[in-house]
Every structure is written in C-alpha cells, then in structure tokens.
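Lettering follows sequence order; numbering is per chain, from 1.
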Amino acid sequence: MTNFSELNISESTLKSVKRMGFEEATPIQEGTIKFAMEGRDIIGQAQTGTGKTAAFGIPLVEKIDPKSPNIQGLIIAPTRELAIQVSEELYKIGQDKRVKILSVYGGQEIGRQIRALKNNPHVIVGTPGRILDHINRRTLKLENVQTLILDEADEMLNMGFIEDINTIMESVPPERQTLLFSATMPTPIRKIAEKFMKTPEVVKIQSKEMTVENIEQFFVKSHEREKFDILSRVINVHQPELAIIFGRTKRRVDELSHALSIRGYLAEGIHGDLSQAKRMSVLRQFKENKIDILVATDVAARGLDISGVTHVYNYDIPQDPESYVHRIGRTGRAGKSGVAVTFVTPREMGYLRIVEETTKKRMSPLRPPSSDEALIGQQRLAVESLAEMVDKNNIGDYRAFATELLEKYEAVDVIAAALKSMTREPSDTPVSISEERPLPARKERSGGGGRSGGGGYKGNNRSSGGRSSSGSGRSSDRGPSRRTGGRDGSSSSSREGSASRGGRPRTSSRREN
DNA sequence: AAAAAAG
C-alpha cells in the first residue's frame, strides 16, 4: 500500500486529496500516477469503482498551469452522467490549485457552454458528440492541450463513437500525453492506441478487483406477468437500503417506476429520453438517499459511481453478458457486499447460461417469496425502525401521548398497533406493465436464412390456430432447427409450487383478462 | 432489438 504522500504530489493537490478522504492509493492509482507524472502515455485496464478518476485526475491536475488561459486537458467520456461525475471529482482534486474544469455534453444549452468556454477553463470533460460540435463551431480551442484522456474507451466503441474519437484525437496536438482507460481491449481500441499513443505503459489491475466476487448472484425464473408481484415481494424481503432496478426499454422503465410509486416505494426512473435536468435531479436524489429505488435503462449501467447500492435487480435479463457485468457492478463496491437478482423467463434461460459462462460463476435459483414472507419482511422493517427511533431518542414530545395511551391499554398492544401502522401491507393495487417483446430465442450457429427481420417471433407457440394477434400468419418460415432440447414445456420442476396455485391447466385460453 | 450520443 502506498500513501499519497509518497507519490511526489504537490502540497496543494495533496491537501485536496486528503480533504476528499483519500489516504492510500488504490492499485490503479499507484500504477498510473507514478508513470503519468513522468509524462508517459498509459493504457489503464480497470473499471470504475477502482479509483480510476483520481488515477488520471491527480497527474492531470499536477500538470495544469492555472495561470495560463488555455485549455490544457481534454477528457472524453461515453455518457453525460459520467462526464458530469468526472468533472465533479476533478474539481475537487484541483480545488486548492484553482484549476477550472468545464463539462460539455449534449442536452445542455450550447450557448451557455460557449459562454463558459470564454471563461478560460483549463480542463474540458465531455461526451463525443458535443465536443465535436464545439470543434466544428470553432468554439473549442484544443491547440494547447497537453493531456488527452479517454475514459471507458471500450464503451465508446460499443456505442459507435469510434469515428468521433478518431476525429477528436486528430484535432489535438500530437505532442501530448495520452491516457486511455478501458475495461477490455478489443481490436479497434488497440488500433487507436497504436495510432495515437507513444510506447504506452500498460497498467492492469488484478482480475480480483475487476470481477464480481463480493456480489451474491441470484436468478428468478418467472413468467413475464408474474414478474412485478415477485419483484415487490423480493424487495419487501430484502429491504434494500439502496437499489437499482434495470429494465430493458425506456417505456419499461417508465412503467416500472410508476408502478412502484403506486405501491408506495420511493422510486424514480432514469433513461435517455428524459431531459438532462431530470436525469440529473433523479440521480442526485438517489445519491442523497431521497429515493430508495432507481429504475434505469442501461444508461445507468456503466461507469456511474454511486456508493451504497446494496441490491441490483435485473427486471429483464440483459441481452449481452457484458451489460450484465456492468449492471451488477453498481453494487458490491468499495469492498462492501452486494446482491444481484435477475429475472428470467423460461425461454430466456439460454441467455442466463451465456451470462454464467462469461462471469464463470453460477447464479443460485431464488425461490419467489410468498406474500406472507413479504409481509414478515415489512414487519421486521417496522420493528427495526421503531427500535432505531428509540435508540436515537427521536421521539419528540410524544411521551405524553404514550402515557395517555398506557393508562387505558396494555403496553404490548400499543406497541403492536404502532408497528402495524408502520407496516406496509402487501398492496394489491393493480398496476399495468406492458408485456415486453421477448428476446429472440438464442440462435445456434444457424448458417442460412439472413432475410431481413430475422423472423423474430418464432416462439414455442403450439399451433393452436386461433388468430394470434394481428394476423400476418407467417408460419411458413419455420426455422430448420426447431430444437427440442431442454425446453421447459411441461415444467416438471414442482419447486416453487406456490406460483401456479390454481393449478389451471394451460390450455388455449390465452388473453382472457 | 434496445440503448447511448448531436440536434
């Protein structure tokens, strides 16, 4: 372990770092700061939560001349939220040295940014689209940039920014220092590194920090229409302090957050169609614990560093396993433990296996709690918060009323009544969540086909005839490989028997509610 | 097929 004071950092920066509560450098910080202060180019392989921002932020701030009016550092980040987060942390690191940081990103009035740019910031943090926009408007002068940093480079690749990145990098003087951070190193990123970097030092942190070892991973096999009720029960049993629920689409997120609010949870949604102001306010409320549950699309899956997230729920299993790793990585951070629960419909079980192959870890099946268990969870919660109020002597002047009650009733009855009034009974308020189009059944190396549309709806519809919605019966293109393998069809499982209580034979009576 | 990011 290295202490920051051993890293040749200037007094002013050290002071800021101390104020932020940092004492010892994390592995990525130790490795990066040492080489970066020597002016070396660096490839850092690490995810957020490892102290990455300070790893490049400290040497960047060290290099800034606060008396110069020029932009000396440029940082490119994949999402707006990440750009904001990075600029906030850089501001703290550079506070004592009076380094001026400016973030530029889409969704914010560009005139305001242009005015702010005239205020001679030293460091720009931005998203690719808006940075390019400013370059084209000639409102962003990059000819004095000495340090260029790519944060989450592989994410920017995934999001299709690779061309933008190339263009931006070409607009920065070649005799600069370049730091590139990426969790993985796919070929296009490697190419960028070869093209734009000078004999970079590679700083890789041990795989231990990059995996998900302190996260307990569960899955719940559940049909689409049962998901929400099971989710509420699981939440009531888990009693998460801070939870993120991921949904697959923006619409899904809207409906879920609305439904949760109806049932009395403090939940808000966040996705890319909301105004930037709304996105920021939701995130801030979540960080300040004003809401307990953040419902999100993958906009919140990557990079965001929100401390204290105890549970992650994947209401829909993510398509690609990488997304899964990013999502559950929002919990179990900074050495704390976390819980991740993933809902998976029977026909999506193939995706689950793929995820498990990627993480090299099996998920444990989670039995959906009964409504009784959910209630007990709520009651426990009431007991805890009552006890906490007593412990903290947070009783105000209710003692007189308590005495009054005790003249008439048994103490135990009074307390029981108080507990009951604090308990949220499982609500049966109806909520509506649209059925999500199921993920396409995983195709196994089918060679042929390739006609547009990919015949998505190839479900395991028994051919029960009945005008399945919207006609257009394209039953002709039944794939060549209708496999019979482990389909659950008759679901011989018999555990979690409570789910199908009424034992209704699943005949053709679809859609009757 | 969805989401992110420039409007």
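Looking at Asp298(A) and His271(A), their side chains never bring a donor and an acceptor atom within 3.5 Å of each other. No hydrogens or angles considered: a donor-acceptor pair under 3.5 Å links the side chains of Glu155(A) and His326(A).
For Thr297(A) and dA4(B), the shortest distance from a side-chain N or O to OP1 or OP2 is below 4.0 Å. For dA5(B), the OP1/OP2 oxygens have a side-chain nitrogen or oxygen of Arg80(A) closer than 4.0 Å. A sub-4.0 Å separation between OP1 or OP2 of dA1(B) and a side-chain N or O of Thr249(A) is absent. Between Arg327(A) and the phosphate of dA3(B), there is no side-chain N or O to OP1/OP2 separation shorter than 4.0 Å.
Side-chain atoms of Tyr315(A) and Leu256(A), non-hydrogen and from C-beta on, do get closer than 4.5 Å to each other.
Arg137(A) comes within contact range of no nucleotide atom at all, as no heavy-atom separation falls under 4.0 Å. Using a 4.0 Å heavy-atom cutoff across all strands shown, Gly107(A) reaches sugar-phosphate atoms only and no base atom.
Rounded to a whole Å, the CD atom of Gln113(A) is 13 Å from the C1' atom of dA5(B). One atom, NE2 of His134(A), and another, P of dA6(B), lie 10 Å apart when rounded to the nearest Å. The interatomic distance linking Met159(A) (CE) with dA2(B) (C1') rounds to 12 Å, in whole Å. Following rounding to the nearest Å, Ile76(A) (CD1) and dA5(B) (P) show an atom-to-atom distance of 15 Å. If you measure from atom CE of Met156(A) to atom P of dA6(B), you get 12 Å, rounded to the nearest angstrom. The CD atom of Gln276(A) sits 9 Å away from the P atom of dA6(B) (whole-angstrom rounding). One can place CG of Leu82(A) at 20 Å from P of dA3(B), the figure rounded to the nearest angstrom. In this structure, the CG atom of Asp164(A) is 9 Å from the P atom of dA6(B), given to the nearest Å.
Listed here is the closest heavy atom pair of Met169(A) and Ile192(A): SD-CG2, 3.9 Å. Taking each heavy atom of Arg80(A) and Thr127(A) in turn, the nearest pair found is N-CG2, 3.6 Å.
The listed nucleotides are dA1(B), dA5(B), dA3(B); the one nearest the side chain of Phe161(A) is dA5(B). Here dA4(B) is the nucleotide among dA4(B), dA2(B), dA6(B) with the atom lying nearest to any side-chain atom of Lys250(A).
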